[in-house]
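Heads up: the structure comes next, in structure tokens.
Below, read A as the first sequence line, B as the second, and so on, with proteins coming before strands; counting in each chain starts at 1.
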Protein chains: 2
Amino acid sequence: MDPHLLTTFVTVARCGSFSAAATELGYTQSAISQQIAALEADLGLPLLSRRPVEPTPAGRRLLEHAEPLLLRLRAARADVLRAAAAPRHRIGLAVTPLGFTADLADRLARARAAWPLLEVTVVTCGRERVAVLVAEGEADLGLVDGLAAPSDPLRPPDAGPLTTTGVSEEDVVVALPAGHPLAGRAALRLADLADARWLRTPLCPLPRLRALAGDGFPVALEHRGDDVRTLIALVAAGHGLTLLPASALRTPGGAVGVPVSAPRLVHRVELLHGTLPPGPAADLARALTG
Amino acid sequence: MDPHLLTTFVTVARCGSFSAAATELGYTQSAISQQIAALEADLGLPLLSRRPVEPTPAGRRLLEHAEPLLLRLRAARADVLRAAAAPRHRIGLAVTPLGFTADLADRLARARAAWPLLEVTVVTCGRERVAVLVAEGEADLGLVDGLAAPSDPLRPPDAGPLTTTGVSEEDVVVALPAGHPLAGRAALRLADLADARWLRTPLCPLPRLRALAGDGFPVALEHRGDDVRTLIALVAAGHGLTLLPASALRTPGGAVGVPVSAPRLVHRVELLHGTLPPGPAADLARALTG
DNA sequence: GACGTCCATGAGCAACCCTTATGGCAGGTG
DNA sequence: CACCTGCCATAAGGGTTGCTCATGGACGTC
């Protein structure tokens, strides 16, 4: 179970081809073939069916383990190096679109005013990617958002020992087109909307809704991408519903937000980071949480 | 960051000696020296100070990552092999002392009556060890107990993708000597006992109490080991207090239990297992949870 | 049915890693 | 103070590993 062999295996499984994996990894096809054979011999199991190349059941199982394992390996390396490295003034901040609220933007602005030397790069991406970037040290701090019961921590993707600190909690609203029959309500229960048509979007995971409020929540339209304005425009045009933090709907845009009364939900933002050595990154973390 | 080098590093750090690690791992001292040198060269950092041999700060950081990483590696291997192996009739059950309640013993008895072929081995050990045994496939099922807020899952040690299912929740009581001034109370708040003298025992983690009810909980006596009767005897003799599930104090033994009214706490038992292929282990898991 | 693509296999060679042997350094002892 | 002992580092040697190159065989396509 050499990680070297494991990366090869993951690459072959992703490419669906020994030769493609070989060129991607910079080996010859023969080397790949031998590596896979070595891994299969080590476990005593066939991991890939050939022609077409796809994982066997045991291979699929191994794949589930291999990806997070390799991530943790890279994360461990990055963490050790980061702890030993000199503090930098370039800070990388990875955020989910709804994780970077106006309030946090203000705090960041104050922090930059207080420490003019601070150079900040903000990257917007999905939750898992934020965790990966932080774990691998490509970002110093991460901000992830999610739906949770009040004061219930979000479950970060498993990328090693990352510290999470809640930085804000805010009410959740259902986004409805302005003319929607329910748009005038003071509050709505999520279960009452289980039969409505919903948007499938990375910004509001439907499986989480189903876990919280029972089955249902059929998909009307799928949205790929990170942009909140696009999402609100889709809601306003009646393509389907979604949940958003209350503040995201305060700017007028043809959609209105109706608070969710049950289940009790909050939109929670958490700061994610590895062990921060004293320095600009730790200062910024304090500024964002404080 | 070859796992091979990582195990060597962990062993050397534990032994505090290159030569001792060499004999333990079945290498020559020279090989160990070269492996550590290779790891240090790979990371570009000194990991161990020599004479005496002990981890540098970077080494300590790496140690924190290495142990769970190696555990996950073994766990992944065990999981893949287990999924592919033929179902066995020998079932290993790893339990914490307070995790194996009378109710669960009954369910196990019924399961054995229903499937006479079932051979069961029960191992008692601590929480972390249970998780390790299950993760590495040495036990098929695990039962761990802990204090939690109601319906709040326990956090299992990070040993890869293990499934946890709650199997019982029960009230928590403070164990007091029979003649204790508070022994007659109908209920007690944990914070009121922060200044009492407590037993430090693996069966009731004091750090958890401090997290739940604030600082305090000074240690009167340390108890090492798994035996609940020993613990109750210590309480009865006035050596200090501890928390136990209500049922553990129903048998008379010179100690009485007073329910804890705040914070709201339960003693929770969870079943822990990897992915179970259909067969005896899965049947038993259903019997224990059902 | 011929061809092309793709994976498996064998030979050769370089790199790696372990062992043996030896050197250097620190601490304890006569 | 010299010596000895225990411990880690380093050099050299050899076996194994793991790569590339070359080729063979199986499947799919035209």
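Electrostatic pairing of A:Glu24 and A:Arg14 counts as a salt bridge here, judged by a charged N lying under 4.0 Å from a carboxylate O. Salt-bridge formation is detected for the pair B:Arg88/B:Asp140: a Lys NZ or Arg NE/NH1/NH2 atom is positioned less than 4.0 Å from an Asp or Glu carboxylate oxygen. Ionic pairing of B:Asp145 and B:Arg127 is not present here: no N-O contact between side-chain nitrogen and carboxylate oxygen is shorter than 4.0 angstrom.
Between A:Leu47 atom CG and C:dC7 atom P the separation is 16 Å, expressed in whole Å. Atoms CD (A:Glu40) and P (C:dC7) sit 13 Å apart, rounded to a whole Å. Regarding B:Tyr27, its OH atom lies at a distance of 21 Å from the C1' atom of D:dC7, rounded to whole Å. Distance B:Asp2 CG to D:dG18 P: 10 Å, rounded to the nearest Å. For the pair A:Glu54 CD and C:dC7 C1', the interatomic distance rounds to 15 Å; values are reported in whole Å. Between A:Leu25 atom CG and D:dG18 atom P there is a gap of 16 Å when expressed in whole angstrom units. Nucleotide C:dC6 holds its C1' atom 14 Å from the CG atom of A:Leu48, rounded to whole Å.
Across all their heavy atoms, A:Leu69 and B:Arg72 have their closest contact at CD1-O, 4.0 Å.
Residues from residues 11-19 of chain B with heavy atoms under 4.0 angstrom of DNA chain D, sorted by number: B:Ser17, B:Phe18, B:Ser19.
No side-chain donor-acceptor contact under 3.5 Å links B:Glu136 to the backbone of B:Arg74. No donor-acceptor pair under 3.5 Å is formed between the side chain of B:Thr124 and the backbone N or O of B:Thr96.
Of the candidate nucleotides C:dA21, C:dT9, C:dC18, C:dC18 has the atom nearest to the side chain of B:Gln35. Distances were taken from every side-chain heavy atom of B:Ala31 (C-beta onward) to each of C:dC18, D:dA11, D:dT20; the shortest belongs to C:dC18.
Between the side chain of B:Ser30 and the base of C:dT20, a donor-acceptor pair under 3.5 Å is found. For A:Gln34 against D:dT20, a side-chain N or O and a base N or O form a donor-acceptor pair under 3.5 Å.
Of the side-chain N and O atoms in A:Thr28, none sit less than 4.0 angstrom from OP1 or OP2 of D:dC19.
Annotation: of the two residues near DNA chain D, A:Gln29 and A:His4, the 5′-most nearest-nucleotide partner is A:His4.
Aromatic ring orientation, B:Phe217 versus B:Trp198: perpendicular (interplanar angle above 60°, classes split at 30° and 60°).
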